[in-house]
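Before any comments, here is the structure.
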Amino acid sequence: MTRKQKHLLARIVIAAILFFAGSLFYLPEYMEAGIFLICYIVVGWDIVWKAITNILHGQVFDENFLMTIATIGALVLGEHSEGVAVMLFYQVGEWFQSYAVSKSRKSIASLMDIRPDYANVQRNGELIQVDPDEVQIGDTIIVKPGERIPLDGTILKGSSALDTSALTGESMPREVEPGMEVISGCINQTGILTICTTKEFGESTVAKILDLVENASDKKGRTENFITRFARYYTPAVVFAALALAILPPFITGQTFSIWIYRALTFLVISCPCALVISIPLSFFGGIGGASKIGVLVKGSNYLESLAHAEYVVFDKTGTLTKGSFAVSEIHPNGIKDIQLLELAAYAEDYSNHPISLSIKKAYGKEINHNRIGDIQEVAGHGVRTVIDNNTVLAGNAKLMKRENIRYIPCTSIGTVVYIACNGKYAGCIVIEDEIKTDAPAAIKDLKSSGVRKTIMLTGDADAVGQKVSARLGLDQAYTELLPADKVERVEELLKQKSEKGKLVFVGDGINDAPVLARADVGIAMGGLGSDAAIEAADIVLMTDEPSKIASVIRIARKTIRIANQNIVFALGVKFLVLILGAVGYANMWAAVFADVGVSVIAILNAIRAMKVKRLDASTLS
């Protein structure tokens, strides 16, 4: 609990003791009235003061005004215990609200802890501790074990394990070594790291995330805006209705004014819109907090509300459904063993840092003896000719085989094919493909089971490659060989096909997808960890490369909307029922307390459920 919450709780406890003392013991009337008055001042002085200051600032009709008028009116009419009880239980509801908001803030506030306090900068051979804002691009910083990385940069020296949980929601440390890029906000766990900064603090990942989190509550959903508008007209309406209830019936029925004034005051307490004003924003705040627990940043409740109606989920391929890195998928030797063919290819490609070459060397997995490699000659657009152990080896595409008059067996597999020949004879081929992410198939399956009508892929890859990936993942549709502008056109067509209430969600991985992310109803950036373009362009940012989190955040969104709707129906239903009973004299102040505070507490407890998130593991979905 915060200091403010503890202070309010202490006031509630003291007031409760005084209230029960005044209620249970038979005391002279003046003593009883005095105890209840002290009790009222202890628990309700701040509400009365807020009402007065708001009136002075022109904000008359709010819950503070309703509570003040109703409770002071009850005290004036001699209903001391009821007037104090209303204020006491109202403050209990306020405490519950404050506690619930604090709890829902924790998962979001944990992201605020990623801001580093200082940076260790190397200047003129000395290590100086400075504010992160003072560090320039190209400065060398030292990060010791246990310290937070203050700025984005590239590791010059040292290796370590980084705790990225505050950014990604993942507990597994990330191993880093020289040459790798690191981002601000991660905690260095083991070794000392020497880092060359690549961004100023204001442009770093941690600064962008903090800005995103701080502004998330500014973008309200349709439901939240409805409640704001509703309260604006509802509160003045019930105040004038209560005034009419206090004045008109006595002239019609001939009853005393005190009876109808009491009913009007009861009417005011019942009508207080606390349950709606508090619980609806809290539901969305809880949903955003729940999403952040699993490493998903939602830029506003409006995007969470739209996501709940996801009908089409459209994916980019490379870097979103696939890793964007190549790997050997098939080896087809001809007259030699697999490992021999892989060895010839690895030695032939040793000089190159092309992704295809790197994937072959990675698959080979052994250290290359450069003394075995002789003359190397690159054949532009075809491949490479080299000498290995005095044997002439060719490695390249089918055009190279035809150019050198090698009789080869065309490979029908889909992917990038590297043909190998040794001393003029065909030795076999190796197929290399972009790897599908581990949890991608399960993620698609889970999206369908959660009610998403269509899963679609847009890619610039060749049709054969795109259709193969689509079939493996179980997608409903795949559009291939698209330029960035073509992707926007295709999304425009899909937007026309979906239902009126349904939303189109596009999932991409950065700057190439920015136009489509902006055009979709909801843009989700995949792999936002360190991606400036993703953080800027998308409405929702996944801080890891896990597609399975999309289904999880859709479930969170739907749960949030469901809870918000439950609170609206429950609060309005109970209030209107008790309002009618109060107007005709069948509901007293105690019923009003339940209609106001009781409903508020129940609605708040229901809203807290939005924070409870069950993380879906890819392994459980397959």
Side-chain angles (χ1 to χ4, degrees), residues 153-162 172-182 188-196 319 322-398 400-401 404 406 408 411 413 415-438 545:
T154 304
I155 298 175
L156 299 176
K157 190 168 68 174
S159 57
S160 182
L162 300 184
M172 184 66 69
R174 177 188 170 202
E175 300 292 334
V176 293
E177 57 188 27
M180 293 180 69
E181 292 185 0
V182 290
N188 183 22
Q189 291 186 319
T190 52
I192 297 175
L193 296 176
T194 303
I195 300 170
C196 177
T322 64
K323 293 180 180 178
S325 59
F326 292 97
V328 172
S329 60
E330 298 175 30
I331 300 173
H332 300 287
N334 184 48
I336 60 175
K337 294 179 180 179
D338 286 13
I339 189 62
Q340 291 174 312
L341 180 64
L342 200 55
E343 182 180 40
L344 287 174
Y347 271 78
E349 298 283 355
D350 178 54
Y351 81 100
S352 175
N353 286 319
H354 189 278
I356 299 294
S357 305
L358 294 174
S359 65
I360 292 173
K361 287 184 279 187
K362 184 179 178 182
Y364 178 57
K366 296 179 183 179
E367 190 175 343
I368 292 175
N369 182 357
H370 299 285
N371 295 326
R372 294 175 57 188
I373 304 172
D375 182 50
I376 298 172
Q377 180 186 351
E378 185 174 356
V379 184
H382 293 71
V384 64
R385 179 202 299 272
T386 186
V387 176
I388 303 170
D389 295 334
N390 297 319
N391 296 307
T392 302
V393 176
L394 299 171
N397 53 30
L400 180 63
M401 297 295 105
E404 300 294 329
I406 305 292
Y408 70 102
C411 182
S413 298
T416 301
V417 182
V418 178
Y419 293 96
I420 313 296
C422 185
N423 295 326
K425 292 184 179 180
Y426 177 61
C429 68
I430 295 171
V431 182
I432 295 154
E433 293 180 86
D434 187 359
E435 293 181 273
I436 291 175
K437 289 181 179 176
T438 309
D545 282 335

Fill in the blank from the handout: For I432 and S359 the tightest heavy-atom approach is CG2-OG, 3.6 Å
Handout entry: Separation between CD of Q377 and OH of Y351, rounded to the nearest 0.5 Å
Key = 10.5 Å
Practice task
Check the angle between the aromatic planes of Y419 and Y426 and answer parallel, tilted or perpendicular using the 30° and 60° thresholds.
Solution key: tilted
Exercise for the section: Report yes or no: does D434 contribute a side-chain atom to a donor-acceptor pair with the main-chain N or O of T322 at less than 3.5 Å? Expected result: no
Exercise for the section: Hey, could you give me the CD1/NZ distance between I195 and K157, rounded to the nearest 0.5 Å? Expected result: 12.5 Å
Exercise for the section: Calculate, to the nearest 0.5 Å, the distance between atoms CZ and CG belonging to F326 and L358 respectively. Expected result: 11.0 Å
Handout entry: Nearest heavy atoms of A348 and V393, plus distance in Å
Key = CB-CG1, 4.3 Å
Problem - Considering all heavy atoms, the nearest V328-A363 contact - result: CG2-CB, 3.6 Å
Problem - Worked check of side-chain contact (heavy atoms from CB on, under 4.5 Å) between I430 and V417 - result: CA-CA 6 Å; I430 295 171; V417 182; over 6 Å; no
Practice task
Would you give the length of the straight line joining atom CG of N391 to atom NZ of K425, rounded to the nearest 0.5 angstrom?
Solution key: 11.5 Å
Problem - Separation of M180 CE from E175 CD (nearest 0.5 Å) - result: 9.0 Å
Problem - Between OG1 on residue T154 and CG on residue L193, distance to nearest 0.5 Å - result: 12.0 Å
Exercise for the section: Take atom CG of N390 as the centre, draw a 6.0 Å sphere, and report whether it contains more than 12 heavy atoms from other residues, nucleotides or ligands. Expected result: no
Problem - Side chains of M401 and L394 in contact at under 4.5 Å (non-hydrogen atoms) - result: yes
Problem - E404 and R385: CA distance, side-chain angles, deciding distance, side-chain contact (heavy atoms from CB on, under 4.5 Å) verdict - result: CA-CA 10 Å; E404 300 294 329; R385 179 202 299 272; 2.7 Å; yes
Problem - Closest approach of C411 to C429 (non-hydrogen atoms, all atoms of both residues) - result: CB-SG, 3.8 Å
Completion exercise
Of all heavy-atom pairs linking P333 and D338, the shortest is CG-OD1, 2.9 Å
Problem - Sole residue of I420, I339, T386, D389 in side chain to side chain contact (heavy atoms under 4.5 Å, CB included) with L344 - result: I420
Practice task
Using modelled atom types only, decide if a donor and an acceptor are shared between the side chain of S160 and the backbone of T190 within a distance under 3.5 Å.
Solution key: yes
Practice task
Taking all non-hydrogen atoms of both residues into account, name the closest pair between E343 and Y364 and its distance.
Solution key: OE2-OH, 3.3 Å
Handout entry: Side chain proximity check, H382 to N397, heavy atoms < 4.5 angstrom
Key = yes
Practice task
Go through S352 and V384 one step at a time and tell me if the side-chain contact (heavy atoms from CB on, under 4.5 Å) criterion holds.
Solution key: CA-CA 10 Å; S352 175; V384 64; over 6 Å; no
Handout entry: I356 atom CD1: more than 12 heavy-atom contacts under 6.0 Å
Key = yes
Problem - Within 6.0 angstrom of E330 CD, more than 12 heavy atoms from elsewhere - result: yes
Exercise for the section: Spell out, as yes or no, whether a donor-acceptor pair under 3.5 Å connects the side chain of N188 to the backbone of G191. Expected result: yes
Practice task
Using atom types as modelled and distance alone, determine if a side-chain donor or acceptor of K361 lies under 3.5 Å from a backbone N or O of D350.
Solution key: yes
